[in-house]
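Step one of this worksheet: look at the structure below.
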Amino acid sequence: LEKKQTELETLEKQLAVDKEKLDSQLKSIKELAQYYELMEARNAADILKNMEDEFLIQLFRNMKKEVVSEILTNFDSKKAASITKKMSGL
């Protein structure tokens, strides 16, 4: 029983560390989203078009829809379609 208790405590500590790490990453993504929202859509698109889709999706989910749509219109149509499809979960 003590062994199980120790294992449980270790798992709880690891979960707390993981949660803190995720919270930090989310805060960073939200801050980045704010920076890109302040840029002109064309300039933001020039930078973001080189990023991985999964990162873009996380970033876009933390931005205003109007800004995301402006950025997407400045992407290559295939890239915009790919990101849109992935964001929809299909």
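These values consider heavy atoms only, across backbone and side chains, with no hydrogens, waters or symmetry-generated copies.
When all heavy atoms of Ala45 and Asn74 are compared, the closest pair comes out as CB-CB, 3.4 Å. Scanning both residues, Leu72 and Ala80, for their nearest heavy atoms gives O-CB, 3.7 Å. The minimum heavy-atom distance linking Ala33 with Leu59 is given by the pair N-CD1, 3.5 Å. Looking at every heavy atom in both residues, Met63 comes nearest to Val68 through CB-CG2, 3.7 Å.
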Review item, side-chain donor-acceptor pairs of residues 48-56, under 3.5 Å, at least two apart:
unit_1, atom_1, unit_2, atom_2, d
Asn50, ND2, Asp46, O, 3.4
Asp53, OD1, Lys79, NZ, 3.0
Asp53, OD2, Ser82, OG, 3.1
Asp53, OD2, Lys86, NZ, 3.0

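The structure places OG of Ser88 at 12.0 Å from CD1 of Ile83, a figure rounded to the nearest 0.5 Å. Interatomic distance, CD of Gln58 versus CE of Met87, reported as 9.0 Å (0.5 Å rounding). The line from CG of Asn62 to CG of Leu26 is 6.0 Å long, rounded to the nearest 0.5 Å. Within the model, atoms CD of Gln25 and NZ of Lys21 stand 6.0 Å from one another, a figure rounded to the nearest 0.5 Å.
Between the side chain of Thr10 and the backbone N or O of Thr6 there is at least one donor-acceptor pair closer than 3.5 Å. Remark: side-chain polar atoms of Glu37 are paired, donor with acceptor, to backbone N or O of Lys64 under 3.5 angstrom.
Following chains of ILVMFWY side-chain contacts shorter than 4.5 Å, one cannot reach Ile57 starting from Leu22, and the two form parts of different hydrophobic clusters.
With sequence neighbours excluded, the residues forming a side-chain contact (heavy atoms from CB on, under 4.5 Å) with Glu7 are Lys3, Lys4, listed by chain and number.
A 4.5 Å side-chain heavy-atom check between Met39 and Ile47 finds at least one atom pair inside the cut-off.
In this structure, Asp23 does not pair ionically with Lys27, as no charged nitrogen and carboxylate oxygen lie closer than 4.0 Å.
A 6.0 Å sphere centred on CZ of Arg42 holds no more than 12 heavy atoms belonging to other residues, nucleotides or ligands.
Between the side chains of Asp18 and Gln14, at least one donor-acceptor pair of N or O atoms lies under 3.5 Å.
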